[in-house]
K.L.:
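Mind having a look at this structure? Questions to follow.
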Protein chains: 2
Amino acid sequence: MDTTQRTDQERSADRRRRELLEAADRVVLRDGPGASMNAIAAEAGITKPILYRHFGDKGGLYAALAKRHTDALLEALRAALDAPAERRERVENTLDTYLAAIEARPQVYRFLMHPSEAGTPNDQGFDVGLHSVPLLRRMGEELAEVIEERVDLGPAGQQLARVWGHGIVGMMHAAGDWWLGERPCSRAELVRGLADLLWGRLAAAGDKVGGPGF
Amino acid sequence: MDTTQRTDQERSADRRRRELLEAADRVVLRDGPGASMNAIAAEAGITKPILYRHFGDKGGLYAALAKRHTDALLEALRAALDAPAERRERVENTLDTYLAAIEARPQVYRFLMHPSEAGTPNDQGFDVGLHSVPLLRRMGEELAEVIEERVDLGPAGQQLARVWGHGIVGMMHAAGDWWLGERPCSRAELVRGLADLLWGRLAAAGDKVGGPGF
DNA sequence: CTCACATGTTACTTACGGTAACAGAGTCTG
DNA sequence: CAGACTCTGTTACCGTAAGTAACATGTGAG
């Protein structure tokens, strides 16, 4: 039948696609986000045009690659976010999950956060936003959803939840990036510090009086 | 005299440098961060090697360009941060200053936040961190300093201040990026929402009981 | 057998970062 | 005044990487 054959072919194509993505993964992990299409093709044991037939262009390959990791991370985060525990504990677990992930595989998350020139040739002139890292956006939306369905924020709750979702994700990302670079403290300390920040300790803390020129 | 002449030359070189940077600025504003060295040279009315003599490589030019804008923005932020007002008001003013800046010139901040491939050829294999956007880091450190010298956070205050500095800056950045892309609300509303988040409203809010499956 | 099609290759074009080598103008020194 | 130095500028080139065109080969269907 036509159908079965098409399915066979599609199955084969899908398998091939996965193989290619795994090869790309290895190369990106080894060479960083600047990995060339040639290198990826070589790693997969084939040549460039095949990659282009499967993924269109470099951006397509990178998008597919990013989706895999993003999905995996989001699933882990969802689990931490949905666990049955107090809010503070859930927040800390989520932060810790994220940080553990970027700690375990820094190159992957460097790639996800900085897709670099993926689309350099075209796309000139558009505003900030679209180019921006898809992982951050997706995490922000995801978190916003959880906040909105769990926390009572009054009438404008939905909008506020989105603001917070993106804000918190950005906080986590920037702090994680900095932490990964300098390792100024343990992961647990970082988690605690960020959770304290979200818990309003900035507002609660007193002024420093002994400060210079004050 | 040797000195006066050297000074003359230096003065001239500096002026030239400024002219080149202004040309680069125009091009980057027009073409986005992917602007080519050729395009920049053409805009400045000269050719590539001159750019390379002045800035070493593309990364150097981009760094110089970024420094200009970063310095300008940081100065504005410092003013908001140092204003004589209550903490909450200072925080809101600082957030608003940042958001107003990225709203006024989105391309500039897109460039600052995503220096892209600046150093693609070499630097393979290093961990996350160094590549990361200098503006975010500088803002984070700056804010950490202000927090540390103004807010009493107890014994581990310095470290906590740095965590918070980077965290808050990341929050501001991610939320700003998202807001700029979707414009889901007014600037004032965003500022208020973020300040509320920092003021512990997440911890204070109650659970939503009427939610689905709960 | 032959047509259609998927899979693969080689070889090319184009564009960009970066550099070498050369050319002219002004200036300082013998 | 002659030559050396330096600053500014050029053209022409190299290496690398994205992306494409054209060609080769194997395989199942009619």
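In what follows, chains are A, B, ... by sequence order, proteins preceding strands, each numbered from 1. Computed from a predicted structure; not experimentally measured.
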K.L.:
Of the nucleotides D:dT20, D:dG9, C:dT7, which has the atom closest to the A:Arg53 side chain?
P.N.:
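Nearest listed nucleotide: C:dT7.
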
K.L.:
Looking at A:Arg78, I'd like to know if its CZ atom is crowded, meaning that more than 12 non-hydrogen atoms belonging to other residues, nucleotides or ligands lie closer than 6.0 Å.
P.N.:
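Above 12, so yes.
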
K.L.:
Output every pair passing salt bridge (charged side-chain N to carboxylate O under 4.0 Å, His left out) with a member in residues 44-54 of chain A, not counting sequence neighbours, ordered by first then second residue.
P.N.:
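Salt bridge (charged side-chain N to carboxylate O under 4.0 Å, His left out) check on residues 44-54 of chain A returns no pairs.
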
K.L.:
Sequence neighbours excluded, which residues qualify as side chain to side chain contact (heavy atoms under 4.5 Å, CB included) partners of A:Met172?
P.N.:
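With sequence neighbours excluded, A:Met172 shows a side chain to side chain contact (heavy atoms under 4.5 Å, CB included) to A:Leu95, A:Tyr98, A:Met139, given in chain and number order.
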
K.L.:
Could you give the CG-to-C1' distance, from A:Asp31 to D:dA17, as a whole number of Å?
P.N.:
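A:Asp31 atom CG is separated from D:dA17 atom C1' by 14 Å.
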
K.L.:
Rounding to a whole Å, what distance do you find between A:Leu51:CG and C:dT9:C1'?
P.N.:
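It is 13 Å, rounded to the nearest whole Å.
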
K.L.:
Can you tell me the distance, in whole Å, between the CG atom of A:Leu20 and the P atom of C:dT7?
P.N.:
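Going from A:Leu20 (CG) to C:dT7 (P), I get 11 Å.
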
K.L.:
Kindly write out the residues that satisfy side chain to side chain contact (heavy atoms under 4.5 Å, CB included) with B:Arg183, not counting sequence neighbours, or none if the list is empty.
P.N.:
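Result, side chain to side chain contact (heavy atoms under 4.5 Å, CB included) vs B:Arg183: B:Glu103, B:Trp179, B:Leu180.
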
K.L.:
Excluding sequence neighbours, so at least two apart, what forms side chain to side chain contact (heavy atoms under 4.5 Å, CB included) with B:Glu145?
P.N.:
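Applying side chain to side chain contact (heavy atoms under 4.5 Å, CB included) to B:Glu145 gives none.
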
K.L.:
Please report the distance, rounded to the nearest Å, between CG in B:Leu61 and P in C:dG18.
P.N.:
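Answer to the nearest Å: 10 Å.
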
K.L.:
Taking OP1 and OP2 of D:dG9, is either one under 4.0 Å from a side-chain nitrogen or oxygen of B:Thr47?
P.N.:
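No, no such contact exists.
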
K.L.:
Would you tabulate the pairs of protein nitrogen or oxygen atoms and nucleotide nitrogen or oxygen atoms of nucleotides 12-16 of chain C closer than 3.5 angstrom?
P.N.:
none

K.L.:
In whole Å, I'd like the distance from the OH atom of A:Tyr52 to the C1' atom of D:dG19.
P.N.:
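So the two atoms are 5 Å apart, to the nearest Å.
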
K.L.:
A:Arg16 CZ to C:dT7 C1': how many Å, rounded?
P.N.:
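Result: 9 Å.
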
K.L.:
Distance check: side-chain N/O of B:Arg15 vs OP1/OP2 of D:dT8, anything under 4.0 Å?
P.N.:
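So the side chain of B:Arg15 is outside the cut-off, no N or O lying under 4.0 Å from OP1 or OP2 of D:dT8.
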
K.L.:
Can you name the residues that form a side chain to side chain contact (heavy atoms under 4.5 Å, CB included) with B:Thr47, not counting sequence neighbours?
P.N.:
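Here the qualifying residues are B:Pro49.
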
K.L.:
Rounded to whole Å, how long is the line connecting atom CD1 of A:Ile50 with atom P of C:dT10?
P.N.:
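Value for this atom pair: 10 Å.
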
K.L.:
For the residue pair B:Trp178 and A:His166, does the interplanar ring angle fall in the parallel (under 30°), tilted (30 to 60°) or perpendicular (over 60°) class?
P.N.:
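Rings of B:Trp178 and A:His166: parallel, under 30°.
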
K.L.:
Round to a whole Å and report the spacing from CD of B:Glu19 to C1' of D:dT8.
P.N.:
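B:Glu19 atom CD is separated from D:dT8 atom C1' by 13 Å.
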
